[in-house]
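Nothing here was measured: the structure is a model prediction, and the numbers come from that model.
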Amino acid sequence: MGNLNKYRSRVRIEQLQSPRDSVGGELKVWVPLADTDLPARIRPLRGREFLATQQVQAEVTTEISLRYPRQLPTITAAMRVRCGSTLYNIKAAIDIDGRQIDLQLMCTSGVDEG
């Protein structure tokens with residue numbers, strides 16, 4: 001019973017597709033992997049501010065935990081996570097015990113979202 005509130009956020013995994021427009025140019029479109037959001041636990045681990053292009057930038061390293069989504073394709077670092085209006089760039093997808101039960105996504109947000 002202690003894990004009832006463990007996954008209280010709802011997230012959507014998105015992947016980048018590059019279709020062609022009517023004149024042959026390449027578009028960059030993020031599309032969801034599934035029609036439904038997944039229950040997840042979002043835990044900020046560390047934040048930092050730095051100077052880039054003469055502006056202060058902020059970046060947060062976040063751990064997103066979820067049950068292994070067997071119905072979806074393999075989640076990779078080329079994908080991103082959306083929770084409401086917040087975007088998280090996936091840096092690593094880790095199968096915690098190697099048994100496809102729990103998946104841990106190490107992400108960053110705040111800089112280069114998408």
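Remark: side-chain polar atoms of Arg80 are not paired, donor with acceptor, to backbone N or O of Glu14 under 3.5 angstrom. Put simply, the side chain of Arg67 never gets that close to the backbone of Ala40: no donor and acceptor are under 3.5 Å apart. Counting only distance, with no hydrogens or angles, the side chain of Asp95 and the backbone of Gln100 share a donor-acceptor pair below 3.5 Å.
In this structure, Gln15 CD and Thr76 OG1 are separated by 8.0 Å, a value rounded to the nearest 0.5 Å. Note: Asp102 CG to Tyr7 OH = 4.0 Å, rounded to the nearest 0.5 Å. With rounding to the nearest 0.5 angstrom, the CD1 atom of Ile42 is 11.5 Å from the CZ atom of Arg10. For the atom pair CE (Met79) and CH2 (Trp30), the distance works out to 9.0 Å, reported to the nearest 0.5 Å. Separation of atoms CD1 (Ile64) and SG (Cys83) is listed at 7.5 Å; rounding is to 0.5 Å. Between atom CG of residue Leu103 and atom CG of residue Leu66 there is a gap of 5.0 Å, rounded to the nearest 0.5 Å.
Across Lys91 and Ala77, no two heavy atoms sit closer than the pair O-CB, 3.7 Å. Closest heavy-atom contact between Leu87 and Ser109: O-CB, 3.3 Å.
When side chains are defined from C-beta on, Thr108 does not count as touching Val60, because their heavy atoms never get closer than 4.5 Å. Between Cys107 and Thr61, the closest side-chain pair of non-hydrogen atoms is not below 4.5 Å. Side-chain contact between Arg82 and Val11 is absent, with no heavy-atom pair separated by less than 4.5 Å. Looking at Ile101 and Ile96, their side chains never come closer than 4.5 Å, going by heavy atoms from C-beta outward. Between Arg43 and Ser65 there is no side-chain heavy-atom pair separated by less than 4.5 Å. Taking the side chain as every heavy atom from C-beta outward, Leu38 and Arg12 never approach each other to under 4.5 Å.
Note on Val29: it does not cluster hydrophobically with Ile13, by side-chain heavy-atom contacts below 4.5 Å among ILVMFWY residues.
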Where do Thr62 and Leu45 land on the side chain to side chain contact (heavy atoms under 4.5 Å, CB included) test, with the steps shown first?
CA-CA 5 Å; Thr62 304; Leu45 299 177; over 6 Å; no
Test log, rule side chain to side chain contact (heavy atoms under 4.5 Å, CB included), inputs Arg8 and Arg41:
CA-CA 6 Å; Arg8 64 180 134 188; Arg41 181 181 79 180; over 6 Å; no
Please walk me through it: do Leu105 and Val81 pass side chain to side chain contact (heavy atoms under 4.5 Å, CB included)?
CA-CA 9 Å; Leu105 305 175; Val81 178; 3.8 Å; yes
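The neighbour count for Arg70 CZ, taken as heavy atoms of other residues, nucleotides or ligands under 6.0 Å away, is above 12.
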